[in-house]
Amino acid sequence: MKGVILEVFADVKTFATLKPTDKPSTKGIKNIPFLDLKLINRPYEKDINAALKNAVASGWFVLGEEVKKFEKTFAEYCGVKHCIGVANGLDALVLLLKASQFPPDSEVIVPSNTYIASILAITLAGFKPILVEPDIDTYLIDPAKIEEKITRNTKAILVVHLYGKCCDMEAVMRVAHRYDLKVFEDAAQSHGATYQGKKAGNLADGAGFSFYPTKNLGAMGDAGAITTNDDALAERLRAKRNYGSGKKYVFDYQGLNSRLDELQAAILNVKFLNLDSDNFIRQKIANRYLSEINNPNIILPPANTVNQDAWHLFVIRVENREKFRKYLTENGIGSDIHYPIAPHKQLAYREWNNRTFAIAEKIHEEVVSIPLNVTLTEKEITYIIEKINKY
Ligand SMILES: *Cc1c(COP(=O)(O)O)cnc(C)c1O
């Protein structure tokens with residue numbers, strides 16, 4: 001038993017052997033990865049090993065105390081009545097939509113620029129995604145463009161708090177109320193983000209979260225959760241994630257096997273303790289980028305002055321993105337693209353390939369994500385800013 005559990009971190013030596021004096025000066029910086037999950041998880045080594053050991057010793061591996069504890073903690077954190085742990089973020093959205101009991105030909109409105117999981121969730125639940133363009137400045141669904149897409153089959157709006165920023169929920173809710181639509185949040189990138197003082201996950205009828213390892217709160221494998229204030233919906237969801245069974249061997253629904261894993265929950269219970277302080281660090285890094293990057297070739301994301309941004313990603317826009325990324329690589333700065341191909345241009349949705357969503361396409365052509373994570377040092381941030389300003 002010792003082997004697997006206690007040697008989880010055995011190969012994570014780099015950080016441990018780095019003494020403070022080994023820190024490179026701004027000039028000596030050679031390589032800043034976009035994201036290093038080993039470094040991210042390094043500070044939790046002892047606590048996670050202890051938590052895993054406990055969970056293993058409990059002998060209870062599915063829907064046990066760790067899952068219960070995480071559900072309670074995360075519900076309280078979001079300010080909602082219910083949190084239902086599930087296997088991953090995609091399942092969270094699929095289950096949320098399935099449990100809403102819409103008729104089979106229902107349409108669900110979703111932004112045309114998102115990680116494809118938001119759209120897959122709608123088709124997997126058996127409904128029709130209706131794409132609505134984003135606002136070019138915020139990258140979030142443009143509420144002014146929702147109404148023209150509403151038909152008598154429209155049943156819900158699935159907003160996506162992309163890159164960690166909450167959507168304009170007041171405007172979205174106004175349209176939703178006028179047409180009696182449900183509103184769901186894809187909160188996979190916005191753990192801890194707020195809108196008018198309320199947290200993501202508590203802004204609509206229900207929300208799906210992902211704890212994929214790279215998210216603001218990340219497990220060490222797949223994990224997800226649904227949050228809602230709707231008692232009846234929560235009860236259906238608890239059954240539907242567990243084969244449709246509320247009571248052992250009694251099946252009221254045709255459900256999935258999509259339970260939050262007990263060991264992943266144990267890890268999340270440890271990592272959750274740093275969610276707010278991690279988000280605070282992200283905010284500080286983002287503030288430096290926003291105030292110090294002044295290259296006219298770079299379009300910065302909007303600063304959020306009223307609502308708290310979770311800053312899951314710091315996404316800039318630049319023409320001739322490949323040239324810019326090559327420059328970053330040459331200077332040892334990792335970057336990524338979220339995302340390179342718009343969902344309607346993917347073969348998965350080949351029936352949409354000839355359609356035009358000009359704003360989503362422009363965003364997909366120009367976005368570049370620069371490093372933003374809690375392991376960055378001030379010197380590295382300074383270096384990144386200097387290099388970008390010199391481009
Ligand atoms: C990560 C992500 C998902 C899917 O979460 P998984 O846990 O990977 O299934 C859904 N929507 C968005 C916006 C995401 O970023």
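Any value given below was found using the heavy atoms of this structure, including those in side chains, with hydrogens, waters and symmetry copies removed. Residue indices begin at 1 and follow the sequence shown. Counting starts at 1 for both ligands and their atoms, in listed order. Small disclaimer: the values here were computed from a predicted structure and weren't measured.
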Visitor: Considering residues at least two apart in sequence or located in another chain, which fulfil the side chain to side chain donor-acceptor pair (under 3.5 Å) criterion with Glu71?
Guide: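 Here the qualifying residues are Arg238, Arg241.
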
Visitor: When Asn216 is tested against each of Gln189, Lys271, His191, His312 for side-chain hydrogen bond (donor to acceptor under 3.5 Å, both in side chains), which residue passes?
Guide: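 Only match with Asn216 under side-chain hydrogen bond (donor to acceptor under 3.5 Å, both in side chains): His312.
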
Visitor: Indicate yes or no: does Lys149 engage Glu107 in a salt bridge with an N to O separation below 4.0 Å.
Guide: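 No.
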
Visitor: Does the distance from a Lys or Arg side-chain N to an Asp or Glu carboxylate O, for Glu365 and Lys362, drop under 4.0 Å?
Guide: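 Looking at Lys362 together with Glu365, the answer is no, because their closest N to O distance does not fall below 4.0 Å.
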
Visitor: With a sphere of 6.0 Å drawn around CG of Asn353, does it hold more than 12 non-hydrogen atoms of other residues, nucleotides or ligands?
Guide: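 Result for CG/Asn353: enclosed.
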
Visitor: Under a 4.0 Å N-O cut-off, is there an ion pair linking Glu330 with Lys326?
Guide: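 Result for this pair is yes, salt bridge flagged.
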
Visitor: May I have a table of the N/O to N/O pairs between ligand 1 and the protein that fall below 3.5 Å, each row giving the two atom names and the distance to 0.1 Å?
Guide:
residue  : atom   : partner : partner atom : Å
ligand 1 : 5 (O)  : Ser210  : OG           : 3.2
ligand 1 : 7 (O)  : Gly89   : N            : 2.7
ligand 1 : 7 (O)  : Ser210  : OG           : 2.6
ligand 1 : 9 (O)  : Gly89   : N            : 3.3
ligand 1 : 9 (O)  : Leu90   : N            : 2.9
ligand 1 : 11 (N) : Asp186  : OD1          : 3.3
ligand 1 : 11 (N) : Asp186  : OD2          : 2.7
ligand 1 : 15 (O) : Gln189  : NE2          : 2.8
ligand 1 : 15 (O) : Lys215  : NZ           : 2.7

